[in-house]
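For reference, the structure is listed below as structure tokens.
In what follows, residues are counted from 1 in the order of the sequence shown.
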Amino acid sequence: MSRAAIGTALVLATTAVTVAVPATAAQAAPVAAVASAASGPAVPKDFEARYANGVVLTWTANKDEATTGYRIYRWRTADGPDTAQVIGTAGKVPFAGRHVDETELDKGGVHYSYAITAVGKDGAESAFSTPRDIVRPWHAAPVDVAATLTDGTLNIHWKQPEAGDRPDHWMIYRSKTAPVRPETGAELFHEAGGSDVTLQVPEKEGNDYFYAVVAVSPARSAYSKSVKPTVTERKPGQPAAPVMWNVGSVGSQGEIALVSWDDGKARPGDPRIVGYNVYRWTSEERPDATDRGGAAKLNQAPVGDRTFQDPGVRDGVKYWYAVTAVTADGTESAPAAPVLYWTA
């Protein structure tokens, strides 16, 4: 009998073959049957692997008395089972075994194989179970993360690189120290369905934290870089900035953009506010709305309502809208965080 195995000694006998089991997880695993024909543990059955924020491994427990536990192995599928590494162990269980591999594998998109063996009291080890292959889904970490805080309105936005699988949502974490990581006390702050979030927060609290974003579906990306909000201070006499609600469409072809907003921190309404100005940028990238540079003002006189229809939009063009509040003497608030409108 011959077999490639790192750090594994084979001992031949007339009636049985046994193995001195690898002492560390860095050593490779047996591949062929090595259990005693008479008393060694049986090969585990019904072994399965699936991905769910970690690789979840399950199997049916052995009923034989020889089995005292299990070893879990993993290898890159392309490299073959001779390179299998011990990644964990499990004790004897009465019905079903379960192990979760939460290791951050090299990167998503790489094929890995898993198998388990049963281990006996005398160190005898069964052959591998039927190997299971799995591809870890992956996402690149969000990039260009930025945050602004204006009158208690926190806006966080980012870009998702095209590399990897498309996330179905994002999780925003925060902590009072950077980088935002579990070891720095990061807490889940918000879950978002898109790459732009606007939330109302206590003004001081919003600036007490660093924020980072993780892409999820169902695998998690690495954390983005950690950012602290850029704070826009309200000038004396300046009204509070509105909060953008949405930019939808009206018309049978979506040819009219419907912009809506709220008074934000001025709710239920600053008596000095007589209306609103609506601004639009035409840009592939999110504009810096701080000084409204490059924006077209869409209204002649202040808009008295909290909605505005813009009929001047075209398919395939990205428009960004933001609104300011206006007082009777013409003083404008800071702009609300811009919102994208786009139709294919």
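- No more than 12 heavy atoms of other residues, nucleotides or ligands lie within 6.0 Å of CD in Q300, so this atom counts as exposed by the packing criterion.
- Note: the hydrophobic cluster containing L199 also contains I172 (ILVMFWY, side chain heavy atoms under 4.5 Å, direct or indirect links).
- Taking hydrophobic clusters as Ile, Leu, Val, Met, Phe, Trp and Tyr residues chained together by side-chain heavy-atom distances below 4.5 Å, V278 does not share a cluster with V274.
- Taking CH2 of W245 as the start and OG1 of T307 as the end, the distance is 10.5 Å to the nearest 0.5 Å.
- Side-chain contact check for H99 versus W59: some heavy-atom pair is nearer than 4.5 Å.
- Both W281 and L340 are part of a single hydrophobic cluster, where members link through side-chain heavy atoms under 4.5 Å apart.
- Within a 6.0 Å radius of NZ in K235, other residues, nucleotides and ligands contribute 12 heavy atoms or fewer.
- Between R292 and E332 there is a salt bridge, with a side-chain nitrogen of the basic residue lying less than 4.0 Å from a carboxylate oxygen of the acidic one.
- Side chains of S113 and T77: a donor-acceptor N/O pair is present below 3.5 angstrom, by distance only.
- Contact between R50 and I134 at its shortest, heavy atoms only, is C-CD1, 3.3 Å.
- Scanning both residues, P142 and A222, for their nearest heavy atoms gives CD-O, 4.3 Å.
- Nearest approach of P94 to K63, heavy atoms of both residues: O-NZ, 3.0 Å.
- Look at K121 and E65 and you find no salt bridge, because none of the NZ, NE, NH1 or NH2 atoms lies under 4.0 Å from a carboxylate O.
- Scanning all heavy atoms of the two residues, the minimum distance from S221 to V214 falls at O-CG1, 3.5 Å.
- Checked for salt-bridge contact, R286 and D144 miss the test: no charged N lies under 4.0 Å from a carboxylate O.
- In this structure, a donor-acceptor pair under 3.5 Å is absent between the side chains of N246 and S260.
- Of the charged side-chain nitrogens involved, none lies within less than 4.0 Å of a carboxylate oxygen, so that R306 and D262 do not count as a salt-bridged pair.
- Taking the centre of each ring, Y223 and Y173 come in below the 6.0 Å mark.
- Just one residue in the list Y319, Y321, Y341 forms a side chain to side chain donor-acceptor pair (under 3.5 Å) with D310, and that residue is Y321.
- Aromatic ring centres of Y211 and F189 lie closer together than 6.0 Å.
- Put simply, the side chain of S224 gets close to the backbone of V213: a donor and an acceptor are under 3.5 Å apart.
- With hydrophobic clusters built from ILVMFWY side chains whose heavy atoms lie under 4.5 angstrom apart, V93 does not share a cluster with V43.
- A donor-acceptor contact shorter than 3.5 Å is absent between the side chain of T67 and the backbone of N62.
- A cation-pi arrangement is found for R174 relative to Y209, the charged atom lying closer than 6.0 Å to the ring centre and inside a 45° cone about the ring normal.
- With rounding to the nearest 0.5 angstrom, the CZ atom of F47 is 5.0 Å from the OG atom of S129.
- V326 and Y279 fall into different hydrophobic clusters, where Ile, Leu, Val, Met, Phe, Trp and Tyr are joined by side-chain heavy atoms under 4.5 Å apart, directly or via other members.
- Taking T148 as the reference, nothing meets the side chain to side chain donor-acceptor pair (under 3.5 Å) condition, with sequence neighbours excluded.
- With hydrogens and angles left out, the side-chain atoms of S195 and Q160 include no donor and acceptor closer than 3.5 Å.
- The shortest non-hydrogen separation linking S126 to P41 is CB-O, 3.5 Å.
- The distance between the ring centers of Y114 and W75 does not fall below 6.0 angstrom.
- Side chain of S283 to main chain of P287: no donor-acceptor pair is present (N/O by atom type, distance under 3.5 Å, no hydrogens or angles).
- For K45 (side chain) and T130 (main-chain N/O), no donor-acceptor pair under 3.5 Å exists by modelled atom type.
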